[in-house]
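Quick caveat: nothing in here was measured; it's all calculated off a predicted structure. Just so you know, these numbers use all the heavy atoms, side chains as well, and skip hydrogens, waters and symmetry mates.
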Amino acid sequence: MKPYVSMTVAVGIMLSAAGAHGAVSLTEEAGPDGPQYRLTNERVDLVVNPAKGAAVVSYKDRAGGNVELIHQAPYNGLCFDHFQEQVWPGELLDATYAASVVTQSADVVVLACTVTAQGAFRGTDFPRLRGLILEKTYTLRAGNPALKCRVKITAPPKESKLFSYWIQNIFFAGGTYERADDICYRPCVRGVRAKAAENFGYYGKEDFLKDFSAGWMALIDRKSKSGLACLFDYDEMETLYANAGNRTLEPMFRTKYLPPNASAEYVTWIVPVAGLDNVVAATPDFVAGYHMTSDHAGSGTIDFQAVRSLSSPGEVTFQVAVASGETPDQTVEAGTVSLGQLGAQPKAGQVTFSGAGVDPLVVRVQATVSTNTYAFEDYFNGAYKWGENITTDMQTPFYAAPRPKQQVRLVKPARLKLKTPSAWRVWYVEGLMDDLYNMTSAVRLTRRFTPDQDRRQRAYTEVQASFGMRLTEFPYDYEELLDYTVIILGGADKDALGVVGVEMLADFLRAGGGMIVLGGPEAYAKAGLQGSDLEELWPVSAVADPFDLSNLNGAPIEVATNAPFLVDLDWSAKPAVAYQHRVTVKPWATTILTAGGQPFLVVGQAPGCPGRVACVLGAPMGTLEEGTTPFWTWEDWPYLMRQVYWWVMRHDDFF
């Protein structure tokens, strides 16, 4: 492309804000690809290039050394838009956006950049993306160091759309790439994950972090004590991604369904950080770091530092408590840190503690800023010999905090109701070893299923190199979801389904759909659905232990309740179970079959919910003694499952 070489055209002037805020400005200037826009105030100087995905292609923080954080290389920059459905870099990173100045005043400047997605990239069409309108609005205020990036995505007037939005921030903290000293910080139930490229992945690859606990990320150069923090909506998040641990801050938002003409908004704040060499918490009021010492016997000191974030808060105080990871519920108070009113330079305070117990330790903080309160915590390894908050199996953390529940805000139909409740339309989410249940044969035995008129759809749980556990397909569109009548849920965990999938499956039951839940090595407790809206509608609750399979050593299946759908089954083969999930049966549920005195088949309909659910708790695995019939090879097993189909579909007249 021919360079844009005309003289700079000023569309804004340097405007002085009232008081001590200094100046805020927005000017148009010549760039290598056409006009670009410079936004400045007393703290930051940045450039937005509409021809490069409307990304921030230059960024300097005066308090952080005034060095350039974004190198002139392809796809380096802040606030790049991307759809997870497309392979990187996707269509938007190179797209040219239309730009316009929305607001210029003494206090604030606003730049809007708009593009319409083509839904095509590298020869592949993405119809569910085509026609989406992205409007990206940058806001910079006088007296405020934070850049606000608001992305509004709107479906076209006559089409529903389905997408997964991802914003990418690719830069070098401190101005240069330091493999050991540029460190990414991400909040996690296992403690803040602090990773540099040289130590990234020692105990499992963590570039795609799923068990995050708050809506922020930070990338700091510990030598220059400078970098950026990124704040966003925790409730909308699916993954916190950091490439190799120390080059990017990339919030990945969950899958979003939009009916025609509806919109979704994503707000990201880019906050410059100076004077901190680590980050333990980032909020709208402050960014904080700390250093801790311990005598490994329960005593030590904690030194906190904090700088302002996007607001200019009042008095900041931290109430600090410490507990041993061995007894995390037994905390000792370490006192209060009073930091006063924060600014660009860090303010510090120290507390001491004793009697906390042996390392590792958990630090818990209740922060108060004017009328705002925040809670955050971290895990201090200390002398714990295994390191990295792991136990000897190298998988299970020594300590993990309860994860705050995400609030799901979905665009739903006004009335949740199956479209054709009499149809035989089955969606089967198939996980590890689920093929042994032979569920498709059971569907064929229903006799009511006709391939030309009805529908079967199978999806699989797979482990992707980039995203971890995902489903090959899922009807994230309510119109499509409510066109099914039964969902068979195999070993699909919460990460594979996603928060949206879990909520929509609960809505499917509320709409009157039927569900069969299968066991297996990735099901029930291992699936991690405990406490979800979906599990609340199941007739059983999974136990807290992820290793919930009991070895029953070939216990035979026995009838606990003579349900109508057990009629005409031949039990003479004495089908048996090797491994079975431990669960708690809910008071309103009915145990139909048992094995070894434990529930094997439990059915029920949650109070106030029209959907019926059947839970199969035996796992098709294990070696049984010669002459014993594994239940999944039992000749009448497909017939039992056929009749369970009938029950969840309310065809009681079939029995």
Aromatic ring proximity Trp637/Phe631, centre distance under 6.0 Å: yes

Glu558 vs Lys574, salt bridge (Lys or Arg N to Asp or Glu O under 4.0 Å): CA-CA, chis, key distance, verdict: CA-CA 9 Å; Glu558 298 178 336; Lys574 296 183 179 180; over 6 Å; no

Glu388 bridged to Lys195 by N-O distance under 4.0 Å: yes

Pair Glu236-Arg409, salt bridge (Lys or Arg N to Asp or Glu O under 4.0 Å): steps then yes or no: CA-CA 8 Å; Glu236 290 291 338; Arg409 300 183 292 269; 3.4 Å; yes

N/O donor-acceptor pair under 3.5 Å between Glu535 side chain and Gly531 backbone: yes

Residues Asp211, Arg193; criterion side-chain contact (heavy atoms from CB on, under 4.5 Å); working and verdict: CA-CA 11 Å; Asp211 56 347; Arg193 308 305 290 161; over 6 Å; no

Polar contact flag, side-chain donor to acceptor under 3.5 angstrom, Tyr257-Glu480: no

Gln168-Trp88 side chain donor-acceptor pair, cut-off 3.5 Å: yes

Side-chain donor/acceptor of Glu91 to backbone N/O of Gln118, under 3.5 Å: yes

Heavy-atom donor-acceptor pair, Asn169 side chain to Glu250 backbone, under 3.5 Å: no

Value rounded to 0.5 Å, distance of CG in Leu134 from CG in Asp81: 5.5 Å

Distance (rounded to the nearest 0.5 Å) between Tyr266 OH and Lys152 NZ: 13.0 Å

Backbone of Leu209 reached by a side-chain donor or acceptor of Thr239 within 3.5 Å: no

Arg403 NZ/CZ over Phe212 ring centroid, <6.0 Å and within 45° of normal: yes

Contact check, side chains of Leu258 and Phe163, non-hydrogen atoms, under 4.5 Å: yes

Spacing of OH belonging to Tyr476 relative to OG belonging to Ser164, to within rounding of 0.5 Å: 8.0 Å

Partners meeting side-chain hydrogen bond (donor to acceptor under 3.5 Å, both in side chains) with Thr594 (sequence neighbours left out): none

Atom pair NE2 (His82) and OH (Tyr165), whose distance is rounded to the nearest 0.5 Å: 11.0 Å

Donor-acceptor contact present, side-chain Lys161 to main-chain Pro127, <3.5 Å: yes

Side-chain donor or acceptor of Asp235 paired with backbone N/O of Gln407 under 3.5 Å: yes

CH2 on Trp427 to CZ on Phe508, rounded to 0.5 Å: 11.5 Å

Intermediate values then yes/no, salt bridge (Lys or Arg N to Asp or Glu O under 4.0 Å), Lys586 and Glu536: CA-CA 10 Å; Lys586 296 178 180 176; Glu536 288 181 5; over 6 Å; no

N/O donor-acceptor pair under 3.5 Å between Gln406 side chain and Tyr234 backbone: yes

Phe80/Trp166 aromatic ring centres below 6.0 Å: no

Side-chain (Asp493) to main-chain (Glu522) donor-acceptor, under 3.5 angstrom: no

Backbone of Gln598 reached by a side-chain donor or acceptor of Gln580 within 3.5 Å: yes

Residues Glu265, Arg150; criterion salt bridge (Lys or Arg N to Asp or Glu O under 4.0 Å); working and verdict: CA-CA 7 Å; Glu265 293 189 6; Arg150 169 184 168 272; 2.9 Å; yes

Test item: side-chain donor near acceptor, Tyr639 and Asp568, under 3.5 Å: no

Positive for side chain to side chain contact (heavy atoms under 4.5 Å, CB included) with Cys615, one of Val517, Leu489, Leu518: Val517

Ring centers of Phe83, Phe126 separated by less than 6.0 Å: no

Under 3.5 Å donor-acceptor, Gln530 side chain and Val543 backbone: yes

